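Side chains included, hydrogens not; waters and symmetry mates left out as well; all remaining heavy atoms used. Keep in mind that what you see is a predicted model, and the values were worked out from it rather than measured.
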Amino acid sequence: MTDDPGRPPLQPLQPAPIRRPSLRFMFSHPAHVIALGFGSGLSPVAPGTVGTLWAWLAFIVMRPVLTDLHWALLLSLGTLVGWWACTVTARHMAVADPGAIVWDEVIAFWLVLWLVTPTGLWGQLAAFALFRFFDAVKPGPVAWADGLFKGRTGQPVGWAQGFGILFDDLVAALCTLLVLALWSWR
């Protein structure tokens with residue numbers, strides 16, 4: 001409503017229409033390329049799993065040339081840049097935690113692989129299966145982490161929601177590492 005009788009009443013803000021990810025969308029902003037896992041998040045089926053598989057492949061390619069210091073820097077900077085990229089992309093898609101955003105899986109699974117290395121294929125496969133279980137099913141602490149930064153429907157996506165996209169996957173990574181540590185300790 002306005003106090004000026006000559007002006008129309010103010011309309012409530014309408015949420016932005018949800019944008020579907022596509023190649024055009026991905027290449028429309030550098031944040032989209034990162035958040036969508038360099039295209040792995042565009043998978044029409046199980047984008048989180050495809051993003052995790054992409055992370056695994058990228059880890060195998062990068063592992064021989066990166067030292068532990070490089071990995072620590074990559075994970076630290078990747079988390080900060082990912083926070084920005086996930087926030088911007090979720091904002092542009094008008095969804096608080098779109099399934100197409102897979103940078104959270106990438107960073108979290110790189111962390112798992114870095115910390116369990118040197119392990120062979122079976123150890124990495126176990127890490128993959130556990131991580132996907134914790135990320136998809138969201139038991140206990142992962143469900144808590146997932147709900148901690150959720151925005152309300154129709155609310156604009158902010159930095160807290162962008163961090164929340166990453167946070168639950170980092171908790172899933174920690175749960176994966178805990179199970180693997182307990183398994184190897186037995």
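Remark: the backbone N or O of Leu73 is not paired with any side-chain donor or acceptor of Ser76 at under 3.5 angstrom. Not one N or O on the side chain of Ser40 forms a donor-acceptor pair closer than 3.5 Å with the backbone of Val50. Not a single donor-acceptor pair under 3.5 Å links the side chain of Thr89 to the backbone N or O of Cys86.
The CG atom of Asp135 lies 6.5 Å from the CG atom of Asp104; values are rounded to the nearest 0.5 Å. The line from CG of Leu177 to CZ of Phe131 is 10.0 Å long, rounded to the nearest 0.5 Å. Note that CG of Leu170 and CD1 of Ile165 are 12.0 Å apart. Values are rounded to the nearest 0.5 Å. Taking CH2 of Trp71 as the reference point, atom CG of Leu74 lies at 5.5 Å (rounded to 0.5 Å). From Thr79, atom OG1 reaches atom CH2 of Trp103 across 9.0 Å, with rounding to the nearest 0.5 Å. The distance from atom NZ of Lys150 to atom CG of Asp146, rounded to the nearest 0.5 Å, is 4.0 Å.
Residues Pro139 and Phe133 have side chains in contact (heavy-atom distance under 4.5 Å, counting atoms from C-beta outward). Looking only at side-chain heavy atoms (C-beta outward), Arg132 and Glu105 come within less than 4.5 Å of each other.
Hydrophobic clustering (ILVMFWY, side-chain heavy atoms < 4.5 Å, transitive): Val88 and Val102 are in distinct clusters. Under a hydrophobic-cluster definition in which Ile, Leu, Val, Met, Phe, Trp and Tyr are linked whenever side-chain heavy atoms come within less than 4.5 Å, directly or via other members, Leu80 and Leu69 are assigned to different clusters. Residues Val33 and Leu57 fall into different hydrophobic clusters, defined by Ile, Leu, Val, Met, Phe, Trp and Tyr side chains chained together at heavy-atom separations under 4.5 Å. The cluster map of Ile, Leu, Val, Met, Phe, Trp and Tyr, joined by side-chain heavy atoms under 4.5 Å apart, puts Leu77 and Met62 in different clusters. Under the 4.5 Å side-chain heavy-atom criterion for Ile, Leu, Val, Met, Phe, Trp and Tyr, Val61 and Trp54 are members of distinct hydrophobic clusters.
For the residue pair His70 and Val65, the shortest heavy atom distance occurs at ND1-O, 4.4 Å. The nearest pair of heavy atoms linking Leu180 to Ala127 is CD1-CB, 3.8 Å. Contact detail for Ala100 and Met93: the closest heavy-atom pair is CB-CE, 4.4 Å. Met26 approaches Phe38 most closely through the heavy-atom pair SD-C, 4.0 Å. Between Pro21 and Phe25 the shortest heavy-atom distance is CA-CD2, 4.0 Å. Of all non-hydrogen atoms in Pro98 and Ala90, the two that sit nearest each other are CD-CB, 4.0 Å.
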Donor-acceptor list for residues 109-119 side chains, cut-off 3.5 Å, not counting sequence neighbours:
unit_1, atom_1, unit_2, atom_2, d
Trp110, NE1, Ala55, O, 2.9
Trp114, NE1, Asp68, OD1, 2.9
Thr117, OG1, Leu113, O, 2.5

In sequence, state the C-alpha distance, the side-chain angles, and the governing distance for Trp122 and Leu125, and then conclude on side chain to side chain contact (heavy atoms under 4.5 Å, CB included). CA-CA 5 Å; Trp122 292 112; Leu125 187 59; 3.6 Å; yes

What's the verdict on side chain to side chain contact (heavy atoms under 4.5 Å, CB included) for Asp169 and Ile107, showing C-alpha distance, side-chain angles and the deciding distance? CA-CA 8 Å; Asp169 287 81; Ile107 284 293; over 6 Å; no

Is there a side chain to side chain contact (heavy atoms under 4.5 Å, CB included) between Phe149 and Asp168 once you walk through the steps? CA-CA 9 Å; Phe149 295 99; Asp168 70 301; over 6 Å; no

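No hydrogens or angles considered: a donor-acceptor pair under 3.5 Å links the side chains of His92 and His32.
Between Trp83 and Phe167, the distance from one ring center to the other does not fall under 6.0 angstrom.
For the side-chain contact (heavy atoms from CB on, under 4.5 Å) criterion with Val171, the lone passing option out of Val142, Leu166, Leu148 is Val142.
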